[in-house]
Amino acid sequence: MAKERLLEIRNLRTSFFTHVGEVKAVDDVSIYIDRGETLGIVGESGSGKSVAMLSTMGLLSENGRVVSGEILFSGRNLAQLGEREMESVRGSEIGMIFQDPMTSLNPVFTIGGQITETLVKHRKLPKTEAKRRALEILASVMIPSPDRRINQYPHEFSGGMRQRVMIAIAICCDPDLLIADEPTTALDVTIQAQILELMKELKSRLGTSIILITHDLGVVAGMCDRVNVMYAGRIAESGTVRDIFRRPRHPYTLGLLKSVPNPNRMQKERLVPIKGHPPDLLKPPAGCAFAARCTYAMKICVNARPPVFDVAEGHQSACFLNHPDAPSVSM
Ligand code: SF4
């Protein structure tokens, strides 16, 4: 069956303008997701993964701006829409779940009030119908006793239950795309597994596409079809989950894989952290942003930015080692 492109971000550049200069948080990034797919975006803090998605949602802080590029969704370039138009896209066509539901839920309104408000605003439902629908949605995200819980406030819910409520708000208008930014990072492991299972179940039932932002490769392996690995505001490598985990073609991806335990390997293995720190994006390096930390760095890496190489169908890497004249190394 032909794949239908749902969102396509082309050559996005997003900067923050601070009193000490321009921080190039996202620098020429292209990302896409097809209908029905789950896409993982992984990378360290500050790699630009959240900023790319906040740019998509029009939720940048005051000093942030999309400098150039296109964000194509349902025949529109979201980068050019005004705040009013973006408000109708958010919640209605694209839902977003954040890491900490306490900062996203309004503490002075009941859970039911917050869901019905979204339904009245975006779906134009009468209040009684919105309340009936809110009860259905709370049940669908496995909130026990929804008819009692609907009248409670966020502080009366546990962390895992609050995240379920966030998911309920994000999906209540049947969005085509759900963006989940580290949705389980603040939760303990068993609750984390329950939330991921819930997202998988919702995806198969509703057909919602999901962009999952995470630094957890285990979550990516269990949830995603494709992965984009980001480093210092750029895409280092992209491919299917199989490509990225079995045939990584960028030293940064390799470093990420070596720094986390692999339960599939029977022998004991040492975890190897990636030494050093990401570069200062106020003064990004002229060459490859990973050069200072890369064991394979060559002279060219310091002077020139690596282009994106197609290493296989649907698998790209921005690393000079993929140039036909580069020395052969085993990764
Ligand atoms: Fe390492 Fe050079 Fe590849 Fe950058 S381009 S990841 S420095 S080998």
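Values reported hereafter were calculated over all heavy atoms of this structure, with side chains retained and with hydrogens, waters and symmetry mates removed.
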What are the two closest non-hydrogen atoms of [X] and [Y], and how far apart are they?
| X | Y | answer |
| --- | --- | --- |
| Ser209 | Ile33 | CB-CD1, 3.9 Å |
| Pro306 | Ala318 | CG-O, 3.5 Å |
| Leu321 | Ala326 | O-CB, 3.5 Å |
| Phe245 | Leu217 | CZ-O, 3.4 Å |
| Glu237 | Thr253 | OE1-OG1, 2.7 Å |
| Pro327 | Met298 | CD-SD, 3.7 Å |

side-chain contact (heavy atoms from CB on, under 4.5 Å) evaluation trace for Thr56 with Leu78: CA-CA 7 Å; Thr56 302; Leu78 302 188; 4.2 Å; yes
Working for salt bridge (Lys or Arg N to Asp or Glu O under 4.0 Å), residues Arg305 and Asp27: CA-CA 12 Å; Arg305 276 199 166 176; Asp27 189 3; 2.9 Å; yes
Taking the basic N atoms (NZ, or NE/NH1/NH2) and the acidic carboxylate oxygens, is any pair closer than 4.0 Å for [X] and [Y]?
| X | Y | result |
| --- | --- | --- |
| Glu129 | Arg133 | no |
| Asp176 | Lys203 | no |
| Glu201 | Arg205 | yes |
| Glu37 | Arg226 | yes |

Residue pair [X] / [Y], side-chain donor-acceptor N/O under 3.5 Å:
| X | Y | value |
| --- | --- | --- |
| Asp188 | Thr190 | yes |
| Thr110 | Asn151 | no |
| Asn77 | Glu70 | no |
| Asp216 | Thr214 | no |
| Ser15 | Glu22 | yes |
| Glu182 | His215 | yes |
| Thr185 | Gln99 | no |
| Glu93 | His122 | no |

When hydrophobic residues are tied together by side-chain contacts of less than 4.5 Å, even through go-betweens, does [X] share a cluster with [Y]?
| X | Y | answer |
| --- | --- | --- |
| Val120 | Val165 | no |
| Val20 | Val23 | yes |
| Tyr296 | Phe320 | yes |
| Phe109 | Met161 | no |
| Ile169 | Leu206 | yes |

Pick out which of [options] makes a side-chain contact (heavy atoms from CB on, under 4.5 Å) with [X].
| X | options | result |
| --- | --- | --- |
| Leu54 | Leu60, Thr14, Ile179, Val26 | Leu60 |
| Leu39 | Ile31, Leu177, Ile210, Leu212 | Ile31 |
| Leu12 | Ser55, Ser30, Ser68 | Ser55 |

Check whether any side-chain heavy atom of [X] lies under 4.5 Å from a side-chain heavy atom of [Y], and answer yes or no.
| X | Y | answer |
| --- | --- | --- |
| Lys3 | Arg35 | no |
| Ile235 | Val229 | no |
| Met230 | Val42 | no |
| Glu4 | Asp34 | no |
| Ile111 | Phe157 | yes |
| Asp28 | Arg234 | yes |
| Val89 | Leu81 | yes |
| Thr184 | Gln163 | no |

Which value, rounded to the nearest 0.5 Å, describes the distance between [X] atom [atom1] and [Y] atom [atom2]?
| X | Y | atom1 | atom2 | answer |
| --- | --- | --- | --- | --- |
| Leu7 | Arg5 | CG | CZ | 9.5 Å |
| His250 | Leu254 | NE2 | CG | 10.5 Å |
| Asp310 | His315 | CG | NE2 | 10.0 Å |

Which residues share a ring-ring contact (aromatic ring centres under 6.0 Å, His included) with Tyr252, sequence neighbours left out: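 Applying ring-ring contact (aromatic ring centres under 6.0 Å, His included) to Tyr252 gives Tyr231, Phe290.
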Those residues that, when tested against Lys258, pass salt bridge (charged side-chain N to carboxylate O under 4.0 Å, His left out) (two or more places apart):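 With sequence neighbours excluded, Lys258 shows a salt bridge (charged side-chain N to carboxylate O under 4.0 Å, His left out) to no residue whatsoever.
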Test salt bridge (charged side-chain N to carboxylate O under 4.0 Å, His left out) applied to Arg164 - qualifying residues, sequence neighbours left out: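 In terms of salt bridge (charged side-chain N to carboxylate O under 4.0 Å, His left out), with neighbours along the sequence ignored, Arg164 is linked to no residue.
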Neighbour count >12 (heavy atoms, 6.0 Å) for atom CD, Glu83: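 Enclosed.
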Arg76 atom CZ, over 12 foreign heavy atoms within 6.0 Å: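 Atom CZ in Arg76 is packed in, count exceeds 12.
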Row check, Phe16 ring normal vs Arg65 NZ/CZ: under 6.0 Å, within 45°: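 Verdict for Phe16: no cation-pi partner in Arg65.
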Intermediate values then yes/no, salt bridge (Lys or Arg N to Asp or Glu O under 4.0 Å), Glu136 and Arg132: CA-CA 7 Å; Glu136 270 176 21; Arg132 191 194 60 74; 2.4 Å; yes
CA sep, side-chain torsions, deciding dist, call: Leu6, Phe73, side-chain contact (heavy atoms from CB on, under 4.5 Å): CA-CA 6 Å; Leu6 183 64; Phe73 179 79; 3.9 Å; yes
